[in-house]
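Chain letters run A, B, ... following the sequence lines, proteins first and then strands; every chain starts at 1.
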Number of protein chains: 2
Amino acid sequence: MRLEDEIQQKEFKDDYNKAIVNILFTQSYIVTKQNNLFKPYGLSPEQYNVLRILRGQNGNPITVSSIQDRMLNKMSNASRLVEKLKQKGLVLREECPADRRQVDIMITEKGLQLLNQLQEEILNQNNNLIQLNQEEVSQLNFLLDKLRG
Amino acid sequence: MRLEDEIQQKEFKDDYNKAIVNILFTQSYIVTKQNNLFKPYGLSPEQYNVLRILRGQNGNPITVSSIQDRMLNKMSNASRLVEKLKQKGLVLREECPADRRQVDIMITEKGLQLLNQLQEEILNQNNNLIQLNQEEVSQLNFLLDKLRG
DNA sequence: TACATTTGCATGTATATACATTTAATACAA
DNA sequence: TTGTATTAAATGTATATACATGCAAATGTA
């Protein structure tokens with residue numbers, strides 16, 4: 001559906017301005033759906049993302065600042081998100097012996113099981129969320145990667 | 001730059017999953033830049049968006065719920081955003097005589113002046129933000145509109 | 001008219017983002 | 001070695017999102 005109709009705006013100054021608004025609006029569309037999926041599990045999209053980063057470590061610990069670097073939102077607060085996950089027993093946090101300023105974070109078995117449980121649901125939803133064919137998705141990824149320069 | 005490199009992820013399950021993450025990441029990229037631009041004026045991107053909706057009314061009042069409908073993030077809270085804008089003298093709020101449940105909102109002269117002041121800066125930034133040529137931006141808008149079904 | 005339902009907005013709470021500041025540990029230079 | 005700068009993480013504050021609830025006005029119906 002055309003963005004102009006969805007937000008009841010007659011027209012945009014130009015395609016560049018429309019693209020900005022289009023990306024913001026589409027992100028909100030996606031996050032809203034993700035929230036619905038995560039909610040029964042007591043996870044926020046951001047917490048889920050941190051768990052995925054930790055799983056990608058294949059058992060190796062990772063510091064809080066490395067998590068921050070890999071997060072989708074560079075301004076979010078890895079320290080506090082990790083604390084929330086720890087309270088739920090989904091991650092472990094322990095002082096790094098080599099550098100006591102750092103804190104090593106690892107996903108727990110419980111955290112891995114939660115991700116597995118979510119996995120299939122998410123893959124299905126992601127495909128439904130994006131009403132594009134294979135060639136179009138590929139083109140979209142190309143354009144977004146190029147957009148950021 | 002490839003998303004995989006930016007967030008240090010080896011690969012995605014498929015293009016659909018990459019597209020989800022790509023949109024979230026690109027939104028964060030845009031909002032961060034917008035924040036920098038709005039900050040000197042004491043506006044958040046969301047407050048700016050509400051002001052733009054009000055300007056689009058060309059002097060006619062609009063209710064809080066209509067603002068909500070047109071906002072980029074359907075879950076945000078128009079009531080509280082309007083309150084913030086009112087405190088800054090950028091909007092007027094008055095009870096709707098025809099239906100006393102409703103509240104008519106209008107942008108003030110001060111609000112319009114602020115938008116004018118920002119206008120040029122924003123147009124310039126938007127063009128710099130999107131490193132695509134005209135044909136590519138147009139294609140991106142087509143894909144995002146189609147994506148949402 | 002009386003009463004239940006719906007609507008429009010405000011408000012309360014939890015979580016997250018944005019950004020500044022603090023604290024402790026480490027690195028580095030005089 | 002001592003003092004300074006840098007780094008990693010935690011913490012504080014303001015704003016925004018997500019969602020539930022409350023309240024008053026309007027609507028619908030017996």
Check whether any side-chain heavy atom of [X] lies under 4.5 Å from a side-chain heavy atom of [Y], and answer yes or no.
| X | Y | result |
| --- | --- | --- |
| A:Leu54 | A:Ile62 | yes |
| A:Arg2 | A:Asp5 | yes |
| B:Arg148 | A:Phe25 | yes |

Just name whichever nucleotide pairs with D:dA30, Watson-Crick or G-U, keeping both distances under 3.5 Å, else none.
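C:dT1 is the nucleotide pairing with D:dA30.
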Please give, in whole Å, the distance from D:dA24 P to B:Glu95 CD?
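Distance check: B:Glu95 CD to D:dA24 P gives 13 Å.
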What is the separation between atom CG on A:Asn36 and atom P on D:dC19, rounded to the nearest whole Å?
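About 6 Å, once rounded to whole Å.
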Considering only heavy atoms, which members of residues 39-54 of chain A lie under 4.0 Å from some atom of DNA chain D?
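Those residues whose heavy atoms fall under 4.0 Å from DNA chain D, taken from residues 39-54 of chain A in numerical order, are A:Lys39.
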Looking at every strand, decide which applies to [X] at a 4.0 Å heavy-atom threshold: base, sugar-phosphate, or nothing.
| X | value |
| --- | --- |
| A:Thr32 | nothing |
| A:Asn77 | base |
| A:Asn35 | sugar-phosphate |

Distance-minimising heavy-atom pair for B:Asn133 and A:Tyr16:
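The pair with the smallest heavy-atom distance is C-OH, 3.3 Å.
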Over all atoms of both residues, closest heavy-atom pair of A:Leu118 and A:Tyr48
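Shortest heavy-atom separation between A:Leu118 and A:Tyr48 comes out as CD1-CD1, 4.1 Å.
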Evaluate whether atom CD of B:Glu135 has more than 12 neighbouring non-hydrogen atoms of other residues, nucleotides or ligands under 6.0 angstrom away.
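Atom CD in B:Glu135 is not packed in, count stays at 12 or less.
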Does D:dC19 have OP1 or OP2 sitting under 4.0 Å from an N or O in the side chain of B:Arg80?
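No, outside the criterion.
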Distance check: side-chain N/O of A:Ser65 vs OP1/OP2 of D:dA9, anything under 4.0 Å?
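True: A:Ser65 side-chain N/O within range (under 4.0 Å) of D:dA9 OP1/OP2.
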Short side-chain donor-acceptor distance under 3.5 Å, A:Gln8 and B:Asp69:
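The answer is no; no qualifying pair exists.
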Using the rule side chain to side chain contact (heavy atoms under 4.5 Å, CB included), only one of A:Leu43, A:Ile107, A:Thr108 pairs with A:Leu85; which is it?
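Only one of A:Leu43, A:Ile107, A:Thr108 forms a side chain to side chain contact (heavy atoms under 4.5 Å, CB included) with A:Leu85, namely A:Leu43.
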Let me know, please, whether A:Ser28 or A:Ala78 comes out on the 5' side of the other along DNA chain D by nearest nucleotide.
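Of the two residues, A:Ala78 wins.
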Provide the start and end nucleotides, 5' to 3', of the part of DNA chain C that has atoms under 4.0 Å from heavy atoms of chain B.
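From 5' to 3', the first and last contacting nucleotides are C:dT7 to C:dA20.
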B:Lys18/B:Glu4 salt bridge by N-O under 4.0 Å criterion
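Result for this pair is yes, salt bridge flagged.
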With nearest nucleotides of DNA chain C determined for A:Arg100 and A:Lys84 from heavy-atom distances, which residue corresponds to the more 5′ nucleotide?
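Its nucleotide being nearer the 5' end, the pick is A:Lys84.
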